[in-house]
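First comes the structure, then the notes that go with it.
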Amino acid sequence: MIRSVRELPTGPGVYRFRDDAGKVLYIGRARNLRRRVQSYWVNLGDRPHLRRMVRRIARVEGVWCDSEHEAAWLERNLLEHSKPRWNRTEGGAEVVGYIRLGDGTKPGLRFEHLISGNALHFGPYLGGLRIRQAISGLHRVLPLQYTVAGDGSAEEFGRLFGIGPGDRDALTRTAIAVLQRDPAAVGALRDELVRRRDRAAAELRYEFAAKVQGEIEALDWICAEQKVAWLEPRDADVYGWADGVLVRFELRGGRMCTWTQRAAGEAVARKRVAETPELWRAFARRNAELAARLLTVTS
């Protein structure tokens, strides 16, 4: 096993294998970078086709992400931009989707594959099932779909929930705050779902408790921090430097699509790092430090 693997963090991220010539062999993602990469030398299990690749690995590189969702997006973006030989697909298997906030005649949240019309959209997110589960959890606590006037069945359900059209604005503001990842709003909604899950389990309604648990996990997924896929088509160059290593990420059209690293002195790196948008500075610095550690051990 390559010694540098022990320098990888135990958090989520993306890894990349290179051969002796510097050619990229494979790009993957993991919930736990160190454990996942170590597995290539311990047990390939259902991936026997990778054994020949492992014998060619000379260097391991990694990006330490802020969430599993961010790692999933970064892997997808990198593979769509350039697919190494040992990767079987150009991008991830998850469906890309958005959450659309309905208007006055059709209040509520809906899954959408594409942005359409002038309605407010949130995302993008990966995973059609997770998006739908998150919407279900949001509707469970914030039943916006039952605040419509003039619909008999909706109004009847609204009365059962103790809400009506007059509650729509307050529920909408809360839903928007959650989908904009406001910590207090996310925490309050999550706590309510946990309360309902635990009550169902105490009443031996295990199937319902499992459903709510899935909604909690989906909410965690869509509300987790991720900076590598944006709703707006933004461009940015993101640089981090540490111990003679300059790491660069390119954001094009709202997607972080390339990741490179090279040797560079502090004087050369200073201007580029200074021009990096504040949002990405901690991310870039952390990954420059990781790149420097991995290179030091490898060499």
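- When side chains are defined from C-beta on, E275 does not count as touching D237, because their heavy atoms never get closer than 4.5 Å.
- Rounded to the nearest 0.5 Å, atoms CZ (R248) and CG (L246) are 9.0 Å apart.
- Nearest heavy atoms, Q226 versus S67: CB-OG, 4.3 Å.
- The minimum heavy-atom distance between A284 and V238, with the atom names listed, is CB-CG1, 3.7 Å.
- Side-chain contact between V95 and I131 is absent, with no heavy atoms from C-beta onward closer than 4.5 Å.
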R29 and L74: CA distance, side-chain angles, deciding distance, side-chain contact (heavy atoms from CB on, under 4.5 Å) verdict: CA-CA 8 Å; R29 79 173 196 247; L74 183 57; over 6 Å; no

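- For E207, the CD atom sits in a loose shell: 12 or fewer heavy atoms of surrounding residues, nucleotides or ligands are nearer than 6.0 Å.
- Here the CG-CD distance, from L290 to E7, works out to 8.5 Å after rounding to the nearest 0.5 Å.
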side-chain contact (heavy atoms from CB on, under 4.5 Å) between V247 and W259, worked out: CA-CA 7 Å; V247 174; W259 153 38; 4.2 Å; yes

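- How far NE2 of H69 is from CD of E225: 12.5 Å, rounded to the nearest 0.5 Å.
- Between I57 and W41 the shortest side-chain heavy-atom distance falls below 4.5 Å.
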Residue pair D191, R195: steps toward the side-chain contact (heavy atoms from CB on, under 4.5 Å) verdict: CA-CA 6 Å; D191 287 347; R195 187 187 68 80; over 6 Å; no

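- Using modelled atom types, one side-chain atom of R181 and one backbone atom of A224 make a donor-acceptor pair closer than 3.5 Å.
- For the pair W241 (side chain) and R272 (backbone), a donor-acceptor distance under 3.5 Å is absent.
- Across all their heavy atoms, R100 and A119 have their closest contact at NE-CB, 3.2 Å.
- Looking only at distances, no side-chain donor or acceptor of R293 sits under 3.5 Å from a matching main-chain atom of L8.
- Checking side-chain atoms of R252 against main-chain N and O of A236 turns up a donor-acceptor pair under 3.5 Å.
- Here the CG atom belonging to L25 is positioned 10.5 Å from the CZ atom belonging to R59, to the nearest 0.5 angstrom.
- The line from CD1 of I222 to OH of Y98 is 14.0 Å long, rounded to the nearest 0.5 Å.
- Annotation: W221, atom CH2; neighbour count of heavy atoms from other residues, nucleotides and ligands within 6.0 Å is above 12.
- Between the side chain of D235 and the main chain of G253, a donor-acceptor pair closer than 3.5 Å is present.
- Hydrophobic clustering of Ile, Leu, Val, Met, Phe, Trp and Tyr side chains at less than 4.5 Å, counting indirect connections, unites V194 with L142.
- Residue Q213 holds its CD atom at 10.0 Å from CD of Q133, rounded to the nearest 0.5 Å.
- Y239 and L295 fall into different hydrophobic clusters, where Ile, Leu, Val, Met, Phe, Trp and Tyr residues are linked whenever their side-chain heavy atoms come under 4.5 Å apart, directly or through other members.
- In the hydrophobic clustering of this structure, L120 groups with L109; members are Ile, Leu, Val, Met, Phe, Trp, Tyr whose side-chain heavy atoms approach within less than 4.5 Å, directly or through other members.
- There is a path of hydrophobic side-chain contacts, each under 4.5 Å, that joins W230 to I176.
- At a threshold of 4.0 Å, the pair D66-R286 counts as salt-bridged, since one of the basic side-chain nitrogens sits closer than that to a carboxylate oxygen.
- With salt bridges taken as basic N to acidic carboxylate O contacts below 4.0 Å, none links E75 and R36.
- Here the side chains of V63 and F249 are in contact, with some heavy-atom distance below 4.5 Å.
- A donor-acceptor pair is defined here as one N or O able to donate and one able to accept, closer than 3.5 Å; no such pair exists between the side chain of N77 and the backbone of R255.
- With sequence neighbours left out, R34 forms a side-chain hydrogen bond (donor to acceptor under 3.5 Å, both in side chains) with no residue at all.
- The number of heavy atoms from other shown groups lying within 6.0 Å of CZ (R31) does not exceed 12.
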side-chain contact (heavy atoms from CB on, under 4.5 Å) assessment of Y125 paired with R130: CA-CA 9 Å; Y125 308 111; R130 281 187 170 119; over 6 Å; no

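- S116 and H121 get closest at one heavy-atom pair: O-CE1, 3.2 Å.
- By the 4.5 Å heavy-atom criterion applied to side chains, M256 and E70 are not counted as neighbours.
- Side chains of R234 and L251 form a contact here, defined as non-hydrogen atoms less than 4.5 Å apart.
- When side chains are defined from C-beta on, L101 does not count as touching L179, because their heavy atoms never get closer than 4.5 Å.
- Side chains of V54 and F17 form no contact here, defined as non-hydrogen atoms less than 4.5 Å apart.
- The two residues V245 and A288 have their closest heavy-atom pair at O-CB, 4.2 Å.
- Checked options L189, L193, T174, L171; the residue passing with L138 is L189 (criterion: side-chain contact (heavy atoms from CB on, under 4.5 Å)).
- Ion pairing of R18 with E61 is present here, as a side-chain N (NZ or NE/NH1/NH2) and a carboxylate O approach within less than 4.0 Å.
- Here the closest non-hydrogen pair linking E215 and G137 is OE1-CA, 3.5 Å.
- Side chain of T296 to main chain of A292: a donor-acceptor pair is present (N/O by atom type, distance under 3.5 Å, no hydrogens or angles).
- Residue K211 qualifies as open at atom NZ: its count of foreign heavy atoms under 6.0 Å is 12 or below.
- D19 CG: more than 12 foreign heavy atoms inside a 6.0 Å radius.
- Ion pairing between E192 and R196 holds under the 4.0 Å rule for side-chain N and carboxylate O.
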